[in-house]
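Single-structure report; data block below.
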Amino acid sequence: MGYSFYPGCTLKNKASRLEETALESARLLNIELKELPEWQCCGAVYPLARDEIVTILGSIRSLIRARELDNKLVTLCAACHHVLKRSNWAIKNKEDVRDKTNNFLQDEPDYFGETEVIHYLEFLRDEIGFDKIKTAAGDRLEGKKVAAYYGCLLLRPEKELEFDNPEQPTIMEDFIESLGGQAVKYPYRNECCGGYLNLKNPESAHKMGNRIISSAIEHGAEEIITACPLCLYNLDQSFLNGQTCEKSNIGATYFTELLYQVLNPAKKEVAYG
Amino acid sequence: MVNNSDKARILKEEFLEISRERPVDCLQCGKCSASCQAAKEMDFMPHQLVRMFHKNQIDQVMETDAIWACASCFTCGARCPRDIDLARMMETARVLYLRSNHKNLIDENEIAALNKKGLPPQAIVAGYRKFAK
Amino acid sequence: MSKIGVFICWCGSNISETVDIEKTKAALEGLPALDYIEDYQYLCSEIGQKKIADAIKNKNLSGVVVASCSPRMHEDTFRNAAEDAGLNPYLLEIANIREHCSWVHSNKEKATEKSVALIRAAINKVKHNQPLTPGSIPVNKRALVIGGGIAGIQSAIDIAEAGYQVDIVERTPSIGGKMAQIDKTFPTLDCSACILTPKMVEASRHENIKLHTYSEVARVDGYVGNFDVEIKKKPRSIDEDKCTGCGICLEKCPGKAPSEFEEGLNERNAIYTPFPQAVPNIPTIDRDNCIKFEKDKCGLCARVCPTDAINFNQEENIIEEKYGIIITATGYQLTDPDQFGEYHYNNPDVITGMEFERIINAAGPTGGKLQRPSNSEKPDRVVFVQCVGSRDKARGHSHCSKICCMYTAKQAMLIREKYPETEVYVFYIDIRTAGKGFEEFQRRAQEDYGVNYVKGMVGKVFPGKDKLRVEAIDAMTGEFLELDSDLVILSPAAIPDQKAGDVSRQLGISQGASGFFTEAHPKLKPVETQTAGIFLAGACQGPKDIPETVAQASGAAAKAIGILSKDSLVNNPCVAEVNQADCSSCFSCKEVCPYSAIEKDETEKHGMVARVNEALCQGCGACTVTCRSSTINLKGFSNKEILSEVDAICL
């Protein structure tokens, strides 16, 4: 069983840094992540109305493509991970969703949730191993104080995502420590950044982002890393619009940028598309 | 106390069908509201909305601003001691509003502007899924 | 020649509404051996019972069928009436035409047909019934109490006062339990240790009570009146006969471990007594943290002991004892708040109610001063969070832990009394104050002591550099509250003691939801279990406060004394019986018997055959099904009797 990489639309567009640094880092760790051919947009949000089936069909088709290759599906964007993982869970555990979906997708073979969806962080922890990354990373971060921002979509709902303890997660801190950094835990690391509220109500989103950033600074963070393109956008907007961050030179980046920075000895610049 | 008019009961049945959640389970402890980071912008608190769902006042919930201030972060359901998926209930109210009113809260003409602002496609697609039908 | 009497009960209208009594009687007329039929509205009444007794005497009946409610209700009533009238009680059978007929069917015609069939079956059975005489089991007049908290102590004192020997087995080094850790008790605000220690002393000094502390029950065999128990006495490393309790050994010990009694808020030595008033006042060496046992160095305590009581070679000792009854009093513990990560219990200033008791207690780690564990400073604002893990279907336990509303009110008042400038908030879902004087007590907290009670839960505790930001709501007014606090005190759910599972397996008693021991009947038998001779006392049966615990402990003792006061008990005669002439000696019955009641019997006439120990047999019938030659039968439920019931219904 190998791995297929699921990028999602945003990684091909505004979040190309996330994809490129992830793929390059994988290469530096001797793993080739091949993009899943014929993937479809996941839909960005998981449909919460119980009578909506059509909106998960795109995700299911992508999962069927992965099943054809007998591969685990590795996601990078937290939203895509959330949608694919929950769609898969619904197929496995809800008979009515499974039956309706298979009926709708007459042109596809029946799908029963066989594909395993894992996030790039789980891939690093379980398939490669944080100790291997620690060896490759050396001491290049020199104990830099890095705060992980998880956001919501990787962690909740716990029963379906099974990613980490939603109130006291540790995977990203373990990741930071394996890179040689000093993980900073702060209480807002799993609170919402505002998500799509930035479309209609940017002030609300800025307030939420500000609380997160202030808390990280209060606990001594020098940098914030995140896994979600929308979280990063919201945090950046909060930086621009907040009052608390003026005197600090803290910034937010994707966790894969930090990984690549540490693994890349020649400090080769990746062309950001 | 509970609105038993035909209209209210039909709407309640639709609500139960779409959400498959039971507002009667709620203890009115308020942990959801206390956990909600977006609740400060809401005209009604999440636990108050659950109470309204229970009393068949779904049409009133559909008229609130609160349901549109929700970010679907799932924190409410994660902390609820009664295992109530409040996110699904909020979504149901939004969905009922959009399906019945045939009026979207977001317009396709806004896409270009949003794109220029730098919003990732993830956000734009999410917005269209949540604020439009 | 059988002369059977049939008595049909109307049960008011419970039966007669669905079953046509007249038609039933008519259908039974003319059955051979049926000598007498009567019907009545309430056969269980004194009049009804008299009718049965009179008919037995006047008509010289050889067997009786009562068509009525379930035998679980009144089989004993009718059998006693029959016995009083001179008929062996096992020659009376119940046909259940209520729970098995009128209560579960609505078609009158078919229900009547069914009741006729059920009565005919019972008649057939009674024709084959044999008179049975119950045997007797001797009673060992000693009691075992498992658990040395207030429940165990109270039960033991009551039984001892009635003149019987009691052993208390307690797994920690001292008796006392949770009450020893509590500072003050609600609603009287008595000093908990002050009211507990006299009872502890009484238990230790009473001539009828023996304490086995730092001990656990290892194995339990037997049955009511005759329990065989193995008690494992863990090695204290101190010779109890030589130790005088002088305490010199405690002073110099270099080994350290977190103190269990102080809820880990400070350390104790490797050689320790859990608290100053410990009973017995004999130290214990915690071998896992003792330098002598880890590295074979030190041994200071042995050198300073004036009576040479330290024995590093002391071994675990298993003693065997026999008891007539057992009382479980294993108590409760508080659930781990780490499951609820949003409260940040990993922060030193977020504590449980029990940790608070130790802090506020004058003999505790801070000498009774209210201090933040992080920096030992006085808190300006304290927040109490109720229902952490209680009433929680999602991550905790669905039950209400009963004691927390009251102990939180008590703790809040203690703070306000000692530190009137400190702000206190209590966040709750509901306030439950059902006991005597409890409502008034809790109102004082709000009205007289200025404790801020807010209906609304805390969403999350956000630890900052110094303060803990508590985000909560006032559910009544719809307000958000962001409180920068110094100390957060959680009320975790009360759940059974960590060893409750082991005890339930050893005793064969069941645990219900959340692991509390199941009582025999929730309303009418709150201190008994389904196993005869085993009783429940205190919080092991469900969360409860001290007054209820003491009352229940005395109740359990009363039940126990009811058994201990008898020289022998009547046993159930419906036990298995082997027809030794037909036994093929396969001993499959012996393999399947869950009560180890079947023995190999070397007989002169038949060789080595099976024999049932009637005292141990519980009449489950597993052997009768296993026996290939139908040689083993259950008295009162023999194959012949059961098959005759089938014939009556089917032929």
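In this text, all values refer to a predicted model and were calculated from it rather than measured experimentally. Below, read A as the first sequence line, B as the second, and so on, with proteins coming before strands; counting in each chain starts at 1.
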Structural part of A/Pro166 lying under 4.5 Å from a heavy atom of chain B: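 For A/Pro166, no heavy atom lies under 4.5 Å from chain B.
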Segment of A/Glu203 engaging chain B (4.5 angstrom heavy-atom cut-off): neither
Has the side chain of [X] got a donor or acceptor atom that lies under 3.5 Å from a matching backbone atom of [Y]?
X	Y	value
A/Arg50	B/Glu17	no
B/Arg88	A/Leu48	yes
A/Thr10	B/Pro120	no
A/Arg156	B/Ala78	no
B/Lys117	A/Leu199	no

Atom CZ of B/Arg22: over 12 foreign heavy atoms under 6.0 Å: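 Count not over threshold, so no.
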A/Lys12 NZ: over 12 foreign heavy atoms closer than 6.0 Å: yes
Verdict with supporting geometry, B/Lys130 and A/Tyr196, side chain to side chain contact (heavy atoms under 4.5 Å, CB included): CA-CA 9 Å; B/Lys130 292 284 187 184; A/Tyr196 53 79; 3.4 Å; yes
With a 4.5 angstrom heavy-atom cut-off, is it the side chain or the backbone of [X] that approaches chain A, or both, or neither?
X	value
B/Val95	side chain
B/Asp83	side chain
B/Ile18	both
B/Glu14	neither
B/Ser19	backbone
B/Gln37	both
B/Glu110	side chain

Heavy-atom pair count under 4.5 Å with chain B, highest-scoring of [options]:
options	value
A/Cys41, A/Pro47, A/Cys193, A/Gly8	A/Pro47
A/Asn198, A/Asn234, A/Asn201, A/Thr55	A/Thr55
A/Gly194, A/Ser204, A/Gly195, A/Cys9	A/Ser204

B/Ser72 and A/Tyr46 side chains, donor-acceptor separation under 3.5 Å: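 No donor-acceptor contact under 3.5 Å links the two side chains.
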Carboxylate-amine/guanidinium contact B/Arg20 A/Asp96, below 4.0 Å: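 A salt bridge is present here (some side-chain N lies under 4.0 Å from a carboxylate O).
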Non-hydrogen atoms of B/Ala38 and A/Leu197 that approach each other most closely: CB-CD1, 4.4 Å
From CA spacing to verdict: side chain to side chain contact (heavy atoms under 4.5 Å, CB included), B/Gln122, A/Cys80: CA-CA 9 Å; B/Gln122 170 195 0; A/Cys80 298; over 6 Å; no
Residues A/Lys207, B/Glu41; criterion side chain to side chain contact (heavy atoms under 4.5 Å, CB included); working and verdict: CA-CA 10 Å; A/Lys207 279 188 201 158; B/Glu41 314 297 318; 3.3 Å; yes
Side chain proximity check, A/Leu153 to B/Phe74, heavy atoms < 4.5 angstrom: yes
